[in-house]
Novice: 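Okay, here's the structure, questions in a sec.
Keep in mind that what you see is a predicted model, and the values were worked out from it rather than measured. Atoms considered below: every heavy atom in the structure, side chains included; atoms not considered: hydrogens, waters and symmetry mates.
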Amino acid sequence: MMEADNSDITDEGAETMKGTGKKAASLILIVLICMMAVMPVQAFGNKKWTIGYEKNTNGPEKKAQGTNGWYFMYSTETDTDGKLNVSEVKECVWSDRGSCWMWYDYDEMWVPDIFAAEGYDCLNTKCWWRMDGNGIMDPNVTEGTVRSIIAWEAPEDGTYSVELAYTAGSLPFDWYGKDYAAGDGVTLSLCTDKGMLDSVFCGKAPRASSKKKKAADIPEGSLGRTVTLKEGERLYVSADPGADGGSDVADIQMKIVQEKGESIRSFMLTLMMVCIAAIIVLVTLGAILIIRSRIPREEEGMRDSEE
């Protein structure tokens with residue numbers, strides 16, 4: 001009879017451990033789900049904005065200024081070696097008949113309001129201005145220079161890293177037998193409201209015999225900086241055409257990543273709290289399993305000693 005009782009005790013202990021194991025597995029699963037649920041906070045904590053890519057993260061939207069902090073602008077102050085007087089900068093307008101739209105494979109684009117005015121003749125002024133809203137910023141105007149500018153506004157106080165890849169310069173080309181050899185290069189620059197951070201001069205490319213103004217060996221490279229901005233302060237990418245804007249082209253890909261700021265601190269604090277909670281739960285579960293596993297053995301030992 002005693003052996004049967006011991007067997008019952010052993011089975012009961014096994015069932016208890018089995019039940020405890022299931023509960024532990026369930027709790028661990030809950031913790032993992034909670035940790036996975038908080039991971040999207042990383043996108044909030046480690047914010048990123050891009051422009052010029054096929055798929056932008058927090059990028060701009062067409063026809064709307066200021067979405068995700070992006071603005072499309074211009075300035076008639078040129079030939080400054082990249083230095084930008086932000087007080088002279090104005091917003092472009094979205095037009096379904098951009099400058100010399102008939103020469104491009106799309107109609108809509110951002111343009112200075114002076115180019116979108118009724119009756120404006122882009123052919124007489126030799127204006128091929130182009131700003132598509134996703135990295136193309138050609139300050140291509142032969143008579144009268146106009147600078148292309150893309151601005152981004154910081155959403156909060158913080159430190160931001162900026163990486164800018166570019167293809168830019170003056171591109172002489174032949175178009176239906178007509179020679180377009182104007183342009184004296186483009187100066188690309190990174191600026192803030194306080195001054196210039198970095199700049200590069202992109203000169204003339206070899207002549208291109210094509211109906212499309214593209215060349216594989218046009219000047220290219222990259223710029224980059226880490227900058228501290230206050231909420232509302234702006235970062236500017238400027239394409240300064242110099243004294244002659246003819247045949248000037250520019251194409252950029254820019255990535256802005258927030259390195260420090262309230263969002264980063266909030267994310268790190270949340271992640272730390274989740275990790276601490278997970279550790280506490282796991283340690284508690286481990287202790288419970290150890291205690292639960294000992295109780296049946298102790299009870300069995302006590303019954304054996306009583307016998």
Novice: Quick one: ring pair (Phe, Tyr, Trp, His ring centres under 6.0 Å) pairs with a partner in residues 74-95, sequence neighbours left out?
Specialist: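 Every ring pair (Phe, Tyr, Trp, His ring centres under 6.0 Å) pair that includes a residue of residues 74-95, provided the two are not neighbours, is Trp94-Trp110.
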Novice: Scan side-chain atoms only and decide if Ser238 and Arg147 contain a donor-acceptor pair under the 3.5 Å cut-off.
Specialist: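 Note: Ser238 and Arg147 side chains meet the donor-acceptor criterion.
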Novice: Side-chain donor-acceptor pair under 3.5 Å between Gln253 and Glu163, yes or no?
Specialist: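 Distance-only check fails for Gln253 and Glu163.
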Novice: Going by the rule side-chain hydrogen bond (donor to acceptor under 3.5 Å, both in side chains), which residues pair with Asn134 if we only count those two or more places apart in sequence or in a different chain?
Specialist: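 Once residues adjacent in sequence are excluded, the partners of Asn134 under the side-chain hydrogen bond (donor to acceptor under 3.5 Å, both in side chains) criterion are Asn56.
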Novice: Quick check on the hydrophobic clustering: are Leu223 and Phe201 connected, directly or via other members, by side-chain heavy-atom contacts under 4.5 Å?
Specialist: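 Looking at the clustering, Phe201 is in a separate group from Leu223.
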Novice: Apply side-chain hydrogen bond (donor to acceptor under 3.5 Å, both in side chains) to Thr125 and list each qualifying residue two or more places apart in sequence or on a separate chain.
Specialist: Tyr120
Novice: Show the numbers, then the answer: is there a side-chain contact (heavy atoms from CB on, under 4.5 Å) between Tyr166 and Cys202?
Specialist: CA-CA 10 Å; Tyr166 63 83; Cys202 303; 3.5 Å; yes
Novice: Which heavy atom of Gly169 sits nearest to which heavy atom of Ile218, and what is that distance?
Specialist: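 Nearest pair, atom of Gly169 first, then Ile218: N-CD1, 4.1 Å.
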Novice: Please list, chain by chain and in numerical order, all residues satisfying side-chain hydrogen bond (donor to acceptor under 3.5 Å, both in side chains) with Thr145, sequence neighbours excluded.
Specialist: Thr78
Novice: Apart from Val89 itself, what residues make up its hydrophobic cluster, given side-chain heavy atom links below 4.5 Å?
Specialist: Tyr71, Met73, Leu84, Val86, Ile149, Tyr236
Novice: Please determine whether side-chain contact (heavy atoms from CB on, under 4.5 Å) holds for the pair Phe115 and Val146, giving the CA-CA distance in whole Å, both sets of side-chain angles, and the decisive distance to 0.1 Å.
Specialist: CA-CA 11 Å; Phe115 298 160; Val146 181; 3.8 Å; yes
Novice: Would you say the side-chain atoms of Thr159 and Glu259 include a donor-acceptor pair closer than 3.5 Å?
Specialist: no
Novice: For Ser148, give me all partners under side-chain hydrogen bond (donor to acceptor under 3.5 Å, both in side chains), at least two apart in sequence or on another chain.
Specialist: none
Novice: Quick one: closest heavy-atom pair of Val237 and Leu190, and the distance?
Specialist: CG2-CD2, 3.8 Å
Novice: Search all heavy atoms of Thr67 against all heavy atoms of Glu61 and return the closest pair with its distance.
Specialist: OG1-N, 3.0 Å
